[in-house]
Structure formats: C-alpha cells, structure tokens
There are 2 protein chains.
Amino acid sequence: MCKTNTRLTKQRKLILEELERVKDHPTAYEVYERVRGRLPQISLGTVYRNLDILSANGIIKRLDIGQGQRRFDITTDDHKHIRCIFCNRIDDIPLNTYHQLTTIIGIVGDVTGYRGIGCSMDFHGICPECQKQGNRIHSSPEQKPDSGYMNNAKNKEE
Amino acid sequence: MCKTNTRLTKQRKLILEELERVKDHPTAYEVYERVRGRLPQISLGTVYRNLDILSANGIIKRLDIGQGQRRFDITTDDHKHIRCIFCNRIDDIPLNTYHQLTTIIGIVGDVTGYRGIGCSMDFHGICPECQKQGNRIHSSPEQKPDSGYMNNAKNKEE
DNA sequence: CTCTAATTAGTAATAGTTCCTATTAATGAT
DNA sequence: ATCATTAATAGGAACTATTACTAATTAGAG
C-alpha cells in the first residue's frame with residue numbers, strides 16, 4: 001500500500017475503511033472512536049501513528065486548520081476548506097482557481113451558505129536559508145518543526 | 001487602551017513594546033522571554049492572557065498557522081504569511097489580491113525567495129446551522145471551539 | 001487617599017500528540 | 001505450510017502548548 005515494508009495490518013485497514021466511510025473531516029480521536037466500535041482493543045496511539053503514515057504517503061490529507069485538533073481528509077481531489085468559527089465544523093469547497101482572489105470569497109459564500117467569511121491563506125515552502133543548507137531535513141518536515149519552547153529554550157543556554 | 005475598565009499595567013505595556021520592537025512573528029513563549037529580560041517576575045500566564053486580550057481587541061493578530069505554537073503579529077496592514085516547512089519560520093507577503101490564484105504562487109516565490117511552494121487557503125465564517133440558531137456565541141469564537149475530545153467525549157455518555 | 005475590581009505571579013490542570021517498551025503479527029524466505 | 005525477521009501494536013507515560021485557579025497586588029475612578 002505505502003512503501004515496501006509497510007504492512008497492511010488489521011488496524012490500518014480498518015482506519016482506512018472508516019476514513020472512506022466518513023464524509024466529514026474527523027479528528028484522530030473521532031477515527032479512534034469509530035474504529036474502536038469494530039476493534040475494541042485498538043489504541044489511540046496506533047490511530048495517530050497510522051494517520052501520520054497514511055498522510056506522509058499521500059493517501060490521506062492532514063488538515064492543520066485553525067488551532068486545536070488536527071483533522072484528516074481522505075478525498076484526493078483538489079479542494080479547499082471552510083470552518084465555522086462557532087461550531088468549528090469544516091466543509092469542503094470545490095474551488096476553481098481561475099478566479100481573482102477578490103471574487104472568490106463571494107463564490108465561497110454562494111457555494112457553502114456561510115456568512116461573514118474571512119480568508120486565511122497561508123503558503124508553505126522552503127525558505128532561502130534552508131535552501132542554502134542543501135535542503136537537509138533534520139527531522140520530518142511538517143511533523144517536528146523546531147519549536148524552541150520552554151525546556152528546549154532553557155537548554156540552549158547551557 | 002482596549003475597552004473601558006481595561007487597565008494599562010506595566011506588564012501589558014512591556015508586552016506591547018516588545019511586540020512593536022520585534023520584526024518576526026513571535027510565539028507567546030518568545031514574547032515571555034523578551035519581556036522577562038526587563039521584568040523578571042512576569043509569568044507566562046500573564047503573557048498568554050494579555051496576548052489574548054490584545055488580539056481580541058484587534059490590537060495584534062493571532063496566527064494559527066500549521067500545527068504547534070501559535071504566533072502573534074503586531075502589524076495591522078493586510079498581508080499573508082509563508083512558512084518554511086523545515087525551520088518553521090514565518091515571513092510576510094504583501095499580497096495584491098487582484099491576481100488569479102494560479103499566478104499568485106509564482107509571485108509569492110519571486111517576492112520571498114521560497115521554493116517548492118504550496119498553498120493552504122482556508123476560509124472561516126458562520127455556517128448555515130449556526131446562522132439558524134440566531135448566531136448565539138456559546139463560548140468565545142476562535143478561542144474555545146467545541147472540541148469533543150477524550151474526557152469530553154466520554155462524559156457525553158453519562 | 002481610599003476603595004474595589006481588574007490584574008498579577010505562581011502553579012495546577014487540561015488538551016492534543018508523541019514517545020517508549022514489551023509483546024504480537026504480517027510477510028518474505030525456506 | 002513453517003519459520004525468522006522486523007514492522008506494528010496496546011497501553012501508558014511523557015511531552016508541548018495553553019488555559020484555569022487562587023490569594024495577593026495594584027491601576028485608576030471617585
């Protein structure tokens with residue numbers, strides 16, 4: 001399924017099946033709850049690990065939208081997302097990219113029925129500094145960025 | 001400064017000063033470290049609380065980009081952000097919205113020097129369901145979305 | 001100057017995710 | 001089919017980032 005030496009375990013298969021069955025964008029915990037209905041002893045760590053592996057292999061998509069819980073999405077066709085600022089639900093938007101940005105918000109409102117729409121458009125890529133360093137990946141990108149938080153920061157001083 | 005009955009404390013003043021001084025998009029902890037240099041007894045909780053109050057009042061901007069730590073931004077003019085997938089730094093993009101989306105990624109590359117650019121464009125607004133319910137805010141939007149996680153989820157069953 | 005509610009420091013608690021370890025099981029080789 | 005190898009697992013501890021709690025302090029109105 002993924003790269004060689006990636007085994008198709010019963011757990012992994014069920015996680016994929018539940019992701020395919022579901023229409024919305026479940027959190028890791030929601031996937032866990034669904035799979036647990038069919039395989040009670042599955043652990044949350046297993047779900048997290050598999051969701052990471054599946055998204056690293058491009059089979060599913062990891063959504064890091066807003067704060068709080070990460071969500072996962074099995075559809076592979078190109079689309080964007082809209083989130084309700086009250087209930088935090090996430091819907092799909094099949095977006096034609098041949099429009100001007102200024103008209104897109106109007107289209108999104110028509111298609112989704114959302115109101116009071118704002119847009120946070122964020123880009124990601126490899127910065128000039130990292131290009132200089134020969135693009136060496138120290139840890140898995142998108143997975144373990146340098147956080148510089150608390151203990152880490154304190155340890156720098158030693 | 002903010003609404004009436006919002007006091008300008010020494011801590012709040014220093015937090016704003018350090019945000020103004022800094023060019024990049026510091027995390028709460030980075031702000032804490034800077035302010036601590038001038039007011040050693042300040043606590044991290046105070047920094048978090050003030051960053052929340054300042055962003056709720058529109059004085060600064062909260063960036064929920066990717067996963068991991070939230071960042072804060074004092075500049076008020078309209079711009080978007082680009083994040084390095086390796087080192088997780090965030091840069092500004094002064095973006096002209098009168099372009100087609102498809103051409104924007106090229107522009108972003110030219111302006112920033114980033115390569116391998118991807119775009120995660122996410123919209124937020126009020127979903128049709130929440131519009132029906134008279135737009136009542138149960139908890140502060142963007143701050144405390146319904147998470148439905150773990151203990152919360154378990155407690156639902158009681 | 002006094003009063004009082006807003007704010008604070010310090011710390012505990014929480015949420016979401018990752019890591020660790022002994023055990024189990026998927027798959028290639030025999 | 002059986003074995004051997006090693007990826008993957010369950011369960012739980014640890015970790016990161018943030019929020020909540022509480023008694024003490026303080027900004028600022030009157």
Side-chain angles (χ1 to χ4, degrees), chain A residues 1-15 26-32 35-36 39-56 62-72 88 139-140 142-155, chain B residues 1-15 26-32 35-36 39-56 62-72 88 139-140 142-155:
Chain A
M1 55 172 297
C2 299
K3 53 176 186 283
T4 48
N5 288 340
T6 303
R7 295 175 182 171
L8 182 56
T9 61
K10 161 165 99 265
Q11 290 84 350
R12 191 164 291 165
K13 195 153 150 270
L14 287 174
I15 288 168
T27 62
Y29 195 81
E30 285 163 2
V31 174
Y32 168 63
V35 174
R36 201 170 40 161
L39 188 71
Q41 81 276 16
I42 197 171
S43 79
L44 183 55
T46 296
V47 173
Y48 268 107
R49 188 170 10 79
N50 275 292
L51 291 172
D52 275 349
I53 290 169
L54 291 169
S55 60
R62 235 173 64 161
L63 310 181
D64 292 323
I65 298 178
Q67 29 104 57
Q69 287 158 288
R70 184 174 293 157
R71 289 171 179 277
F72 296 87
N88 225 30
S139 58
S140 183
E142 307 257 45
Q143 314 264 46
K144 280 185 192 174
D146 185 36
S147 75
Y149 185 72
M150 300 197 148
N151 296 326
N152 312 23
K154 279 174 198 156
N155 293 341
Chain B
M1 56 173 296
C2 301
K3 54 177 187 279
T4 47
N5 288 341
T6 304
R7 295 176 181 169
L8 182 55
T9 61
K10 157 165 103 264
Q11 291 84 348
R12 191 163 293 165
K13 195 151 150 273
L14 286 174
I15 287 167
T27 62
Y29 195 81
E30 284 164 2
V31 173
Y32 168 63
V35 175
R36 202 168 40 160
L39 187 71
Q41 81 276 15
I42 197 170
S43 80
L44 183 54
T46 296
V47 173
Y48 269 105
R49 190 170 10 78
N50 275 291
L51 291 173
D52 274 349
I53 290 170
L54 291 169
S55 58
R62 236 173 65 161
L63 311 181
D64 292 322
I65 298 178
Q67 28 103 56
Q69 289 159 285
R70 184 174 295 159
R71 288 171 179 277
F72 295 88
N88 225 28
S139 58
S140 185
E142 306 259 47
Q143 312 265 49
K144 279 185 193 172
D146 186 37
S147 74
Y149 183 71
M150 300 200 149
N151 295 328
N152 311 24
K154 278 173 200 157
N155 293 341

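Source: prediction; values computed, not measured. Order of the sequence lines sets the chain letters (A, B, ...), proteins ahead of strands, with each chain counted from 1.
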So, is B:Q11 near the phosphate of C:dA9, with a side-chain N or O under 4.0 Å from OP1 or OP2? yes

To the nearest angstrom, the CG-P distance between A:L39 and C:dA25 comes to 11 Å

Go nucleotide by nucleotide along DNA chain D from the 5' end; which of A:N50 and B:R49 gets its closest nucleotide reached first? A:N50

Under a 4.0 Å threshold between the charged nitrogen and the carboxylate oxygen, would A:D64 count as salt-bridged to A:R71? no

Any B:T46 side-chain N or O less than 4.0 Å from OP1/OP2 of C:dT7: no

For A:Y32, run the side-chain contact (heavy atoms from CB on, under 4.5 Å) check against A:I15, A:L44, A:L51 and tell me which one passes. A:L44

Tell me whether the side-chain N/O atoms of A:T27 come closer than 4.0 Å to OP1 or OP2 in C:dG16. no

Less than 3.5 Å between a donor and an acceptor, one on the side chain of A:R7 and one on the base of D:dA8, is that the case here? no

Check every atom of C:dA9, D:dG11, C:dT18 against the side chain of A:S43 and return the nucleotide holding the closest atom. D:dG11

Quick one: is B:Y48 getting a side-chain N or O under 4.0 Å of the D:dT19 phosphate, OP1 or OP2? no

Rounded to whole angstroms, how far apart are CZ on A:R62 and P on C:dT18? 6 Å

Using the side-chain contact (heavy atoms from CB on, under 4.5 Å) rule, pick out the option among B:L39, B:V31, B:I42, B:N50 that qualifies with B:L14. B:L39

For the pair B:R70 (side chain) and B:T27 (backbone), establish whether a donor and an acceptor sit closer than 3.5 Å, ignoring hydrogens and angles. no

Taken to the nearest whole Å, CD/B:Q41 to P/C:dT11 is 14 Å

Mind calculating the distance between CZ (A:R12) and P (D:dA10) to the nearest angstrom? 11 Å

What's the closest nucleotide to the side chain of A:L8 if the choices are C:dT27, D:dA10, D:dA17? C:dT27

Hey, which of these two, B:A28 or B:K10, hits DNA chain D nearer its 5' end, going by closest nucleotide? B:A28

Would you kindly give the CD1-to-P distance between A:I53 and C:dT17, to the nearest whole Å? 16 Å

Looking only at the side chains, is there a donor atom on one of A:R49 and A:T46 sitting less than 3.5 Å from an acceptor on the other? yes

Starting from C1' on C:dT17, measure out to CD on A:E30 and report it in whole angstrom. 16 Å

Selection from C:dT17, D:dA10, C:dA26 that lies nearest to any side-chain heavy atom of A:R70: C:dT17

Return the value, rounded to whole Å, for the distance between atom CG of B:L54 and atom P of C:dT7. 11 Å

Length of the CG-C1' vector between A:L44 and D:dA14, whole Å: 14 Å

